[in-house]
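Worksheet: one structure, shown below.
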Amino acid sequence: MTTPQGPSQVRVQCQVHAEQVPAEGYTNDAWSYRSDRQGWISTIHLKGGAWQDGVPLRAPGDPPPRR
């Protein structure tokens, strides 16, 4: 696991509904795939709404994203 030292930009390839995550009084089930890290991040840790504008939704059963 990596923890940035402060605000940083991340690139996400797609989003999916998955496990709900609570943080700082909020809860959501949105996860975004970080193509640069080849892994998922709970969108609750990203600035903006639960769903990131312009990022496609990955359907359940779709294969994992590729770089």
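- Between atom CD of residue Q9 and atom CG of residue D36 there is a gap of 11.0 Å, rounded to the nearest 0.5 Å.
- Between the S32 side chain and the V12 main chain, no donor and acceptor come within less than 3.5 Å of each other.
- Considering OG1 of T43 and CD1 of I41, their distance stands at 7.5 Å, rounded to 0.5 Å.
- The heavy-atom pair separating Q13 from S35 by the smallest distance is OE1-CB, 3.6 Å.
- Nearest heavy-atom pair, W31 versus W40, reported as atom, atom and distance to 0.1 Å: O-CZ3, 3.7 Å.
- Pairing each heavy atom of R58 with each of V16, the nearest pair is O-CG2, 3.7 Å.
- No donor-acceptor pair under 3.5 Å is formed between the side chain of Q15 and the backbone N or O of W51.
- For residues 20-30, the set of pairs meeting the side-chain hydrogen bond (donor to acceptor under 3.5 Å, both in side chains) definition, not counting sequence neighbours, comprises H17-D29.
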